[in-house]
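Structure, as structure tokens:
Positions are given from 1 along the sequence.
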Amino acid sequence: MIGDNATPRRDGWMEMRVRLVWAAATTVLAAAGAFALGGAAGGAPVAPTDKAAIEKIVHDYIIEHPEIIPEAMSGYEAKQAAKLLDANRSALETPFPGAVSGNPKGDVTLVVFFDYACPYCRQGHADVQKLVAADKNVRVVFRDFPVLSPASDEAAMASLSAASQGRYQRFHDTMFDTPGKVAHDRTLGIIRTAGLDEARTAKDLEAAPLRAEIKKNLDLGRSLGLTGTPSYIVGNKILSGAVGFDALKSAVEATRRAKAA
């Protein structure tokens with residue numbers, strides 16, 4: 001999961017959740033109050049004393065049945081997430097050239113935010129590989145999201161260089177399949193193993209276009225409130241953590257059904 005250097009993003013997400021709780025509670029109170037007022041008054045004007053009594057009934061009901069707040073919040077969060085994802089759909093699903101796998105014309109796109117230094121991403125990588133092998137109509141877009149260390153940032157820049165050299169998948173797989181902690185010497189070794197042009201890659205590690213892509217990914221993650229790696233976007237769902245193959249498969253299938261409806 002994201003380390004201490006991402007605390008501002010966690011705090012921002014908690015603030016967002018607090019706002020969502022209040023918005024959901026307000027929605028529940030407003031809807032319940034309107035229903036109660038309509039039922040009590042039959043469409044006629046309601047006296048202030050009656051209104052106060054009805055509001056107390058609604059308040060007491062919510063206190064006695066607090067489960068309706070998380071239910072309302074869950075629905076509200078889902079709607080807000082869908083709006084955010086729709087607003088960023090093109091940016092999310094348009095890959096950095098070469099940083100894509102699966103069927104390039106697949107009917108469902110899975111977007112993966114990852115950090116090479118994240119152990120959960122290593123587990124998630126195996127799940128994504130399994131998904132691509134099992135579902136020949138899924139497209140996977142990879143988004144480097146280096147937040148754990150300077151070494152993971154360097155590895156992310158190297159991966160984009162690999163993409164520009166047409167060797168992204170080999171570099172990406174080798175980074176996750178090779179044991180050991182992400183570090184400068186290890187990344188250099190994998191650059192050689194993946195057959196990258198070392199001189200070109202060395203220049204790319206400082207290249208402004210690649211740095212801009214990393215910034216774009218970090219900004220996208222922040223705008224979506226991502227709190228850890230790996231994080232997956234599929235359809236209107238955000239899945240956080242190493243959720244496993246079955247959860248990824250189910251999300252892809254649900255998105256496919258929704259598109260067909």
Side-chain angles (χ1 to χ4, degrees), residues 2 85 88-106 108-148 151-178 182 187 190-191 194 196 201 204-205 207 209-224 226 228-235 237-245 247-249 251-252 255:
I2 283 179
L85 293 173
N88 291 283
R89 186 75 59 194
S90 178
L92 282 166
E93 296 188 356
T94 301
F96 182 83
V100 62
S101 73
N103 185 344
K105 296 183 179 180
V108 174
T109 296
L110 172 70
V111 182
V112 183
F113 284 80
F114 69 94
D115 186 321
Y116 284 118
C118 167
Y120 300 100
C121 294
R122 187 184 296 268
Q123 179 183 336
H125 173 63
D127 295 328
V128 172
Q129 285 182 309
K130 186 177 178 181
L131 178 67
V132 170
D135 189 331
K136 302 303 181 183
N137 207 24
V138 68
R139 173 176 174 262
V140 180
V141 171
F142 297 104
R143 297 216 166 275
D144 289 89
F145 199 63
V147 293
L148 287 172
S152 62
D153 181 78
E154 180 184 59
M157 292 289 282
S159 79
L160 295 180
S161 178
S164 68
Q165 295 179 50
R167 291 182 175 272
Y168 182 85
Q169 196 65 55
R170 184 171 181 184
F171 178 88
H172 185 73
D173 291 345
T174 306
M175 281 294 294
F176 279 125
D177 294 342
T178 302
V182 173
T187 298
I190 292 173
I191 286 171
L196 303 187
T201 304
D204 282 346
L205 293 179
L210 273 59
R211 176 58 57 197
E213 177 68 13
I214 298 295
K215 182 179 184 303
K216 171 187 171 182
N217 292 344
L218 293 172
D219 288 345
L220 271 173
R222 292 186 185 105
S223 71
L224 297 173
L226 301 187
T229 55
S231 288
Y232 306 95
I233 312 295
V234 55
K237 290 185 177 180
I238 299 175
L239 305 176
S240 299
V243 296
F245 167 75
L248 294 179
K249 182 173 180 288
V252 168
T255 300

Here's a test for you: under side chain to side chain contact (heavy atoms under 4.5 Å, CB included), which of T201, N217, D204, I214 qualifies with L160?
I214
Which residues satisfy the side chain to side chain contact (heavy atoms under 4.5 Å, CB included) test with T94, sequence neighbours excluded?
S90
Would you say R139's side chain and E93's backbone share a donor-acceptor pair under 3.5 angstrom?
yes
Atom pair CG/OG of L85 and S223 - distance to nearest 0.5 Å
9.0 Å
Sub-4.5 Å side-chain heavy-atom contact between M175 and T187
yes
Sequence-distant partners of D219, side chain to side chain contact (heavy atoms under 4.5 Å, CB included), two or more places apart:
K215, R222
Before you tell me yes or no, could you show the steps for V182 and E154 under side chain to side chain contact (heavy atoms under 4.5 Å, CB included), namely the whole-Å CA-CA distance, both residues' side-chain angles and the distance that decides it to 0.1 Å?
CA-CA 9 Å; V182 173; E154 180 184 59; over 6 Å; no
Please work out which of the three classes, parallel, tilted or perpendicular, describes the rings of Y116 and F176, given edges at 30° and 60°.
tilted
Tightest non-hydrogen contact, residues A158 and I191, listed as CB-CD1, 4.2 Å
Hey, are the side chains of V112 and F142 touching, using non-hydrogen atoms and a 4.5 Å cut-off?
yes
Close side-chain approach of V111 and R143, heavy atoms under 4.5 Å
yes
For the OG1 atom of T178 and the CD1 atom of I190, what is their distance to the nearest 0.5 Å?
4.0 Å
Do Q169 and D173 meet the criterion of a side-chain donor-acceptor pair at a distance under 3.5 Å?
yes
Quick check for you: to the nearest 0.5 Å, what is the distance between S240 atom OG and I233 atom CD1?
7.5 Å
Kindly state whether the ring of H125 and the ring of F114 have centres lying under 6.0 angstrom apart.
no
Kindly compute the distance separating CD (Q165) from CZ (R170), expressed to the nearest 0.5 Å.
12.5 Å
Rounded distance (nearest 0.5 Å) linking atom CZ of F113 with atom CG of L218:
9.0 Å
For a 4.5 angstrom cut-off between non-hydrogen side-chain atoms, does N103 reach K136?
no
Any luck finding a side-chain donor-acceptor pair between D144 and S159 under 3.5 Å?
yes
Quick one, L92 and V141 - any side-chain contact, counting heavy atoms below 4.5 Å?
no
Run the ring-centre check on Y168 versus F96 and record whether the distance is less than 6.0 Å.
no
Identify the two heavy atoms, one from V132 and one from G102, that lie closest to each other, and give their separation to 0.1 Å.
CG1-CA, 3.8 Å
Locate the shortest heavy-atom distance separating G221 from F145; write the atom from each residue and the value.
CA-CE1, 3.7 Å
Between D153 and R211, is the closest basic N to carboxylate O distance under 4.0 Å?
yes
From Y232 OH over to L131 CG, what is the distance, rounded to the nearest 0.5 angstrom?
10.0 Å
When every non-hydrogen atom of S152 is compared with those of A117, the smallest separation belongs to CB-CB, 3.7 Å
Taking everything shown except K216 itself, do over 12 heavy atoms lie less than 6.0 Å from its NZ?
yes
Which atom pair, heavy atoms only, marks the closest approach of A99 to A163?
N-CB, 4.0 Å
Step by step, work out the side chain to side chain contact (heavy atoms under 4.5 Å, CB included) result for T229 and Y120.
CA-CA 7 Å; T229 55; Y120 300 100; over 6 Å; no
